[in-house]
There are 2 protein chains.
Amino acid sequence: MRSPGLPEVTDPAPASAADEKKWEAFQWDAREDCEVRQILDRIADKWSLLVIALLEEETLRFGELARKVDGISKRMLTVTLRNLERDGLIQRTIYAEVPPRVEYRLSPLGCTLIGTIQALVLWTEEHQQQIIAARAAFDAQLEARAEPTN
Amino acid sequence: MRSPGLPEVTDPAPASAADEKKWEAFQWDAREDCEVRQILDRIADKWSLLVIALLEEETLRFGELARKVDGISKRMLTVTLRNLERDGLIQRTIYAEVPPRVEYRLSPLGCTLIGTIQALVLWTEEHQQQIIAARAAFDAQLEARAEPTN
DNA sequence: CAGCATCCTAATCGATACTG
DNA sequence: CAGTATCGATTAGGATGCTG
């Protein structure tokens, strides 16, 4: 399903960046195979946000990334980097040295994303206490409902 | 693993919203069980972004959401709505009527997210052509490399 | 060091049937 | 209408071993 080879461009001219208020129409929720949703899934996936955020600051090698992104496996790091590279968000530079060295950095396109990602992570950091509290309250409600006579 | 019951608050005082540049320290990439990453995974998941974006505009019923979010199953819509409700991002109102009616709307906390989500979706819409082109180029490279003599 | 291939488990998700 | 419960299929993802 994620086959290469450019799967049909349904919407040919959406890149008019000028109008900030295209939201009133709000037609992007339509089809499942809509490009926007596919791309959104990619950049918002479990590891991509992390990797982009890290590369936002500095160029990093594969091993450095592996160490910084705690919990990621070599396989998933490879997959994530490949996807981001395929989408043109990061650039991969191979240095022909004796111990192979490969560096990853944000591409110009990727750089246009950092503001948005910063905002998202910042929002999460600033509201995590509220969310944790909300979860606790919700779970308490559930338990109270589950064992009313206990 | 996603057990209820408030799983340990490691970071007790992060809600200082004033400093915009806490990014220089950049310590959020640390532990896998970090709250920020868990929350990020939740709101950035396949359906949550869609649902939040839809509720951003208007209050909607279960069936209306099901129709608007093309491709979602009843199960996933239920799961997504429950998660968002548990995180305190949406509010669920049950009307005791003959044909049951349940309405979902963004909570005040959820409303603080809409700007960020708008930005993310907007970015995707504005850059989708570039990404599609990057993918095509990347795939072409791969194929050229795979069959050099063919 | 970087990273691909393989195997295998665990989690996700969709379809269906049933309930208040 | 608005879900819940169950089951089977699909996929993501981790561990490991091998290559340039």
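This one's a predicted model, so the numbers in the text were calculated from it and none came from an experiment. Naming: A, B, ... by sequence-line order, numbering from 1 per chain.
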J.: Rounded to whole angstroms, how far apart are CZ on B/Arg82 and P on D/dT4?
T.: 5 Å
J.: Rounding to a whole Å, what distance do you find between A/Met76:CE and C/dG3:P?
T.: 15 Å
J.: So that I can tick it off, tell me whether A/Lys68 and A/Glu58 are bridged by a salt bridge, with the cut-off set at under 4.0 angstrom between side-chain N and carboxylate O.
T.: yes
J.: Using heavy atoms to find the nearest nucleotide of DNA chain D for A/Asp45 and B/Arg61 separately, return the residue whose nucleotide is more 5′.
T.: B/Arg61
J.: Side chain of A/Thr124, backbone of A/Leu120: donor and acceptor closer than 3.5 Å?
T.: yes
J.: Donor-acceptor pair, A/Thr80 side chain versus A/Ser48 backbone, under 3.5 Å?
T.: no
J.: Kindly say if B/Arg92 contacts the phosphate of D/dA2, meaning a side-chain N or O under 4.0 Å from OP1 or OP2.
T.: no
J.: Among the candidates C/dA15, C/dA2, D/dA2, find the nucleotide nearest to the side-chain atoms of A/Phe62.
T.: C/dA2
J.: Measuring from atom CZ of B/Arg82 to atom CG of B/Leu77, what distance do you get when rounded to the nearest 0.5 angstrom?
T.: 9.5 Å
J.: Applying the side-chain hydrogen bond (donor to acceptor under 3.5 Å, both in side chains) test to A/Tyr104, which of A/Glu64, A/Glu85, A/Arg92 qualifies?
T.: A/Arg92
J.: For B/Tyr104, report the nucleic acid contact type (base, sugar-phosphate, nothing); a contact means any heavy atom under 4.0 Å.
T.: sugar-phosphate
J.: With a 4.0 Å cutoff (strictly under), does any side-chain N or O of B/Ser73 reach OP1 or OP2 of C/dG14?
T.: yes
J.: Base, sugar-phosphate, or nothing: which does B/Thr78 touch, judged by heavy atoms less than 4.0 Å apart?
T.: base
J.: Write down the distance between NZ (A/Lys74) and C1' (D/dG13), rounded to a whole number of angstrom.
T.: 15 Å
J.: How many Å lie between NZ on A/Lys46 and P on C/dA10, as a whole number?
T.: 16 Å
J.: Whole angstroms only, please: what is the CG-P distance between B/Leu77 and D/dG3?
T.: 8 Å
J.: Whole-Å distance between D/dT11 C1' and A/Arg42 CZ?
T.: 14 Å
J.: Grab the CD1-C1' distance between A/Ile72 and C/dG3 for me, whole Å please.
T.: 13 Å
J.: Tell me which nucleotide among D/dC1, D/dG13, C/dG14 gets nearest to the side chain of B/Pro100.
T.: D/dC1
J.: For C/dT6 and A/Arg75 - does any side-chain N or O of the residue sit under 4.0 Å from the phosphate oxygens OP1/OP2?
T.: no
J.: Rounding to a whole Å, what distance do you find between A/Glu85:CD and C/dC4:C1'?
T.: 14 Å
